[in-house]
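Computed from a prediction, not measured in an experiment: that's the story for all the values here. Computed over heavy atoms, backbone and side chain alike; hydrogens, waters and symmetry mates excluded. In each ligand, atom 1 is the first atom listed, and ligand 1 is the first ligand listed.
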Amino acid sequence: MTEIERLQFDVVVIGAGGAGLRAAIEARLQGKKTAIISKSLFGKAHTVMAEGGAAAAMGNANPNDNWQVHFRDTMRGGKFLNNWRMAELHAKEAPDRVWELEAWGALFDRTKEGKISQRNFGGHEYPRLAHVGDRTGLELIRTCQQKIVSLQQDDHKELGDYDAKIQVFAETTITRLLKDDEGKICGAFGYIRETGKFVVFEAPAVVLATGGIGKSFKVTSNSWEYTGDGHALALLAGASLINMEFVQFHPTGMVWPPSVKGILVTESVRGDGGVLRNSEGKRFMFEYIPDVFKAQYATTEEEGDRWYEDPENNRRPPELLPRDEVARAINSEVKAGRGSPHGGVFLDIASRLKPEQIIKRLPSMHHQFKELADVDITAEPMEVGPTCHYVMGGVEVDPDTGAALVPGLFAAGEVSGGMHGSNRLGGNSLSDLLVFGRRAGLGAAEYASEVTVTVPESEVEAAMAEALAPYEREGGENPYAVHQELQQTMNDLVGIIRREGELEQAIEALGKLRERVGSVSVEGGRGYHPGWHLALDLRNMVLVSECVARAALERQESRGGHTRDDYPQMSAEWRKLNLVCRSSDGTVELKRQDMEPMREDLIGLFDRDELKKYLTEDELPAEEN
Ligand code: FAD
């Protein structure tokens, strides 16, 4: 009989990145007994890698900034497909969340006047990213962990036990959400990576904060953790995912050497003055300013350069267009034969800033290129190209509480959908984690106050049988081979530019991969067995990839992180629709769902002429006489 540990909590948070930590802090502050679970080491979540900063309209660098401007930028970046209520809450609450972080001990870079410094980033009208050099995510995580330790010290003082109210389970992977006979969430099932021992967390409320899906793609800035677990756990529990077709390809990943292909080159390089050039030395981004952004971007190099010193009287350079635009432009230059020797383009900061400025502002980038590519970015340009970076699609949630469609399930951070529409602006993720992590923690705590649950034995047995299945099969598929094929399929057929025929091929290939996942086998003990871990992760990656491919085939337009070669235009009719995926039996069902029309006062924040670029005639506000 396999041993299973059983633990009881009010709120279980799966994921210890920014969203998970902030949710857990909030649930504990509401007095709930809270568990935080992460499959990596505690402190090694993806959030640690965030370099540029957290976007919040504090107005420190430019007093004209406010939540309305941030809201407008976010909606424009997402091409108006954002859940506008989420974008509103985010823009309004981000400054408070950043100040709160400072009060908990975060050491942000300062302006000359001693305020939190804010830097420029693509798509943001004003300098808006609160930052700590290029290591902002690390500071966010450090601060939240410090807050958790201080809460545990309070609990020890009061209750004699550090873990009395908030307990951390590192290197523990959840493989199933558990539901009771009424269809409510009643806990989560997982294994401890070190021993392979199973554990059941019984709780009425579960918050998913598991991050993204990048490991389904071959070239990605994402780390090993990003296997779409939370997306798949939600689907398998009966929740829905929205707009999975929108995958962000960051324009600047390393392209060389092959071993580090995809690793991110932060947008701060461009925010601090770096420019993109092709093999002819031309600053090509001026050729790629789309009509919807023409009014806000400089049309000459001189004006673009003046903007860094005098943003009031000049328009920003097109290197700072939203990520989807820059990624597509780089893709086109490379395809046209004007790429760099290793298939990217050149990103030049060396000729723009003094070496000591580069080392001060971009220490991690300087180190990264020196160590990994033997390139000194203070003296020569970097070679960069698009890399799969972020998924805009995710669990469909209530904007105010983070509640998913299944009672007791909540989601926040990259695993949730809606906030960023079809394309996320840089810096808007870290602030999203704080705003919606807090809200989901609060929502889960309130829900847990009213509900009690019992875990049916049949649920635990089914979860355990599923986790052990790869051991039961003999001579089956190698999980690494299946993973490699999946990554190649997604890269080649569901990548940055998509076509009907290729998407159909991808869906067929994914169907076959799904079957092969069912016959993957492993041998050996269960302690630290990466092959077994991957065998279990594959179910999630293939399921989520099917959602991406099916939604990408369905949406016949190009918008943000979804570019269709065969439907190159953005369509106002398609903007009214979300694509929703559900899965009852491991296969994906897709349906169209109407977007809720934007509230009138929020519509009023835009010029009618601008709205015409995004909305249908019947959605436009009446013309003033
Ligand atoms: P994460 O921080 O990834 O945390 C996910 C957690 O879930 C981890 O603890 C993981 O172990 C756990 N987990 C996953 N699956 C399971 C499971 N099955 N069981 C248990 N635990 C599980 N955004 C910005 O706003 N500004 C930036 O400057 C910026 N820079 C970035 C730089 C890089 C290189 C990258 C890759 C991203 C960057 N982003 C940035 C995006 C941002 O970092 C992420 O979107 C964000 O950190 C996601 O946070 P999260 O809390 O949702 O998830």
Side-chain angles (χ1 to χ4, degrees), residues 12-23 35-56 94 119 121 128-132 134-138 140-141 144 168-177 188-193 201 207-215 220-233 248 250 252-254 262-268 271 323 364-365 368 387-392 394 411-416 419-420 424-434 436-437 440 533 536-537 540:
V12 165
V13 179
I14 308 174
L21 293 182
R22 190 60 192 83
I36 315 171
I37 306 167
S38 70
K39 73 180 191 184
S40 53
L41 291 167
F42 197 52
K44 207 325 265 133
H46 216 80
T47 302
V48 170
M49 292 158 82
E51 293 154 353
R119 67 160 43 118
F121 239 53
R128 189 176 283 146
L129 268 67
H131 56 95
V132 184
D134 54 6
R135 295 175 180 142
T136 314
L138 179 64
L140 189 156
I141 292 289
C144 286
V168 177
F169 298 86
E171 298 217 283
T172 303
T173 304
I174 296 300
T175 57
R176 267 279 166 184
L177 299 178
F189 176 95
Y191 63 88
I192 298 163
R193 288 164 59 82
F201 296 87
V207 180
L208 291 171
T210 48
I213 66 164
K215 275 295 163 193
T220 177
S221 65
N222 292 179
S223 67
W224 66 271
E225 293 159 83
Y226 265 23
T227 50
D229 294 6
H231 290 78
L233 290 170
Q248 183 170 81
H250 193 291
T252 59
M254 292 178 81
I263 289 187
L264 193 76
V265 179
T266 175
E267 194 166 323
S268 315
R323 289 175 175 172
S364 300
M365 283 303 107
Q368 178 175 313
T387 178
C388 173
H389 184 59
Y390 185 91
V391 60
M392 272 69 70
E414 191 168 340
V415 70
S416 68
M419 159 66 207
H420 305 285
R424 173 178 71 88
L425 291 187
N428 269 1
S429 174
L430 290 191
S431 37
D432 162 0
L433 309 182
L434 296 170
F436 294 105
H533 301 167
L536 299 180
D537 292 346
N540 303 334

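Partners of Arg323 by salt bridge (charged side-chain N to carboxylate O under 4.0 Å, His left out), not counting sequence neighbours, listed by chain and number: Glu267.
Between the side chain of Thr136 and the backbone N or O of His131, no donor-acceptor pair lies under 3.5 Å. A donor-acceptor pair under 3.5 Å is absent between the side-chain atoms of Thr173 and the main chain of Lys39, judged by distance alone. Not a single donor-acceptor pair under 3.5 Å links the side chain of Ser431 to the backbone N or O of Ala56. Counting only distance, with no hydrogens or angles, the side chain of Ser221 and the backbone of Thr387 share no donor-acceptor pair below 3.5 Å.
Taking a heavy-atom cut-off of under 4.0 Å, ligand 1 is surrounded by Ile14, Gly15, Ala16, Gly17, Gly18, Ala19, Ile37, Ser38, Lys39, Ser40, Ala45, His46, Thr47, Met49, Ala50, Glu51, Gly52, Gly53, Thr172, Thr173, Ile174, Ala209, Thr210, Gly211, Ser221, Asn222, Glu225, Tyr226, Asp229, Leu264, His389, Tyr390, Gly413, Glu414, Arg424, Gly427, Asn428, Ser429, Leu430, Leu433.
For the atom pair OG (Ser364) and CZ (Arg135), the distance works out to 3.5 Å, reported to the nearest 0.5 Å.
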